[in-house]
Protein chains: 2
Amino acid sequence: MRISARADYAVRAALQLAASAEAAPVKAEAIAAAQDIPHKFLEGILNELRRAGLVVSRRGGNGGYRLAGPAASISIADVIRAVDGPLVSVRGVRPPDLAYTGPAESLLPLWIALRSNVREILEGVSLADVAGAELPRGVLALTEPPSAWTNP
Amino acid sequence: MRISARADYAVRAALQLAASAEAAPVKAEAIAAAQDIPHKFLEGILNELRRAGLVVSRRGGNGGYRLAGPAASISIADVIRAVDGPLVSVRGVRPPDLAYTGPAESLLPLWIALRSNVREILEGVSLADVAGAELPRGVLALTEPPSAWTNP
DNA sequence: GTATTTCCTAGTGACTTGATGGGAAAACGT
DNA sequence: ACGTTTTCCCATCAAGTCACTAGGAAATAC
C-alpha cells in the first residue's frame, strides 16, 4: 500500500494553495520551489486538479492557481482521488468488484473494512485542517502512542 | 493505495493452507487450482513466505507447504509484509523517514495516523479469523454501514 | 504587441508487475 | 538403487506504470 509521488505532490501543492488563500493566484513555479517539486511535473498535476474542479487557474500576466472552494471543504481524499483514482484497490480493481472463493471468502469484507477505515481518515481531514496544523481529534489520537511512529 | 496481486495471492494461498491444517502438506499446484493463481508465479510467492518463516515446505513424494505455526498467530499483515515489504509507504519511503516543510508539516502526522489505522486492521486479523469467516467484532463493524460497500 | 504563464502532447529511462520456462536439488515410494 | 515427484533457483519476458522532461500553442496581463 503506497502513496504515489503524484498523490504526495498533489496534496502538498494543494496545501500550499490553502495557505496562501489571498486573492492573488499562486504560480506553479512558486509552489514547485516552496515544496521542492519538479515544476514541469507539478504543472501536470495542477492541471489534473483543475480538471477535477478542485482548483481554478488563470494564465498570463499574474496568473496562477487558486483553490476552487474553501480549504475546509476540500478533503485529502478529494485531492488523492483527483490524481490517482480510487483510494484503495486490490490488484487494480476496487473491493466491491472482487470475488473470492473457499477459505478466502471473508477476504472481501476485510478489504472493505480496510477501505472504510482509510476513507474515514482521508475524507475526514480537510486541507484547512492540515495547513492549519489542527488535525481532527480522532486522527490526532492515532498518532499519540509512540508505537505509531516506529517501524514494525 | 493499492494491494498488489502478489499480496492478494499470498494471503489467499496462506488462507488455503490455514483451511487444510491437517498433517499432510498442500502442493503449490493444488493451491493454484483452488484459488486460480498462475502456479509458477505462486511458487515464487510461497518461497518468499517460507524465507519469511511463515510457511514450511517439504519436497518430493508427497511434499508441499504447511503453515509454520498456528493460523491464529499469523496476521494478514505478516503475510503482506513478507511479500511486499512495508505495509504503507509514501513515494516508497516509510512515513517516519519523511520530511515536510511549510503548510505541509502536518502531513506527516496524517500519514502516521493512516498507517496506524491500517496496521490496526491488518495486524489484528489472523489467518484463522478469515479462514473461519469470523472477523473480529471491530472489523466487522466497519463493514456494516452500506456506504462501506459503495464506490464514492 | 510583448511578456508571462498556463495548457497540451509527446516522449523517455528506469523500475515494477505479473508471469513463464528450464532445469538442479531434495525427498519420497518401490 | 531408481525413477518419480515436488520444491527450489535461476533467467527472462512483455507490458505497464512512474517520475520526469521538452517544446510549443493558447490565453491573459500590462
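Every heavy atom of this structure was used, including side-chain atoms; hydrogens, water molecules and symmetry mates were not. Lettering of chains follows the sequences in order, A, B, ..., and the numbering in each one begins at 1.
Taking only side-chain nitrogens and oxygens, B:Arg91 never comes nearer than 4.0 Å to OP1 or OP2 of D:dA19.
Ionic pairing of A:Glu123 and A:Arg81 is present here: one or more N-O contacts between side-chain nitrogen and carboxylate oxygen are shorter than 4.0 angstrom.
In this structure, CZ in B:Arg119 is found 8.0 Å from CD1 in B:Ile112, a value given to the nearest 0.5 Å. In this structure, the separation between OG on A:Ser57 and CZ on A:Arg66 is 9.5 Å, given to the nearest 0.5 Å. Between the OG atom of A:Ser4 and the CD1 atom of A:Ile80 there is a distance of 8.0 Å, given to the nearest 0.5 Å. To the nearest 0.5 angstrom, A:Arg12 atom CZ is 12.0 Å from B:Glu105 atom CD. The distance from the OH atom of B:Tyr65 to the CG atom of B:Leu54 is 13.5 Å, given to the nearest 0.5 Å.
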query = Taking it one step at a time, do B:Thr143 and A:Leu108 satisfy side-chain contact (heavy atoms from CB on, under 4.5 Å)?
reply = CA-CA 10 Å; B:Thr143 69; A:Leu108 181 50; over 6 Å; no
request  = Could you give me the CA-CA distance, side-chain angles and deciding distance for B:Tyr100 and A:Asp8, then say whether side-chain contact (heavy atoms from CB on, under 4.5 Å) is met?
outcome  = CA-CA 11 Å; B:Tyr100 291 115; A:Asp8 185 52; 2.6 Å; yes
request  = Check step by step if side-chain contact (heavy atoms from CB on, under 4.5 Å) holds for A:Val118 and B:Met1.
outcome  = CA-CA 9 Å; A:Val118 170; B:Met1 309 207 50; 4.2 Å; yes
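Atoms CD (B:Glu29) and C1' (D:dT7) sit 13 Å apart, rounded to a whole Å.
Linking ILVMFWY residues whenever their side-chain heavy atoms come closer than 4.5 Å, directly or via other members, places B:Val93 and B:Leu87 in the same cluster.
Using a 4.0 Å cutoff on non-hydrogen atoms, the parts of residues 51-71 of chain A near DNA chain D are A:Arg58, A:Arg59, A:Gly60, A:Gly61, A:Asn62, ordered by number. Shown for residues 31-43 of chain A: residues whose heavy atoms fall under 4.0 angstrom of DNA chain D, namely A:Pro38, A:Lys40, A:Phe41.
Mapping heavy-atom proximity under 4.0 Å, the span of DNA chain C touched by chain A runs 5' to 3' from C:dT4 to C:dC8.
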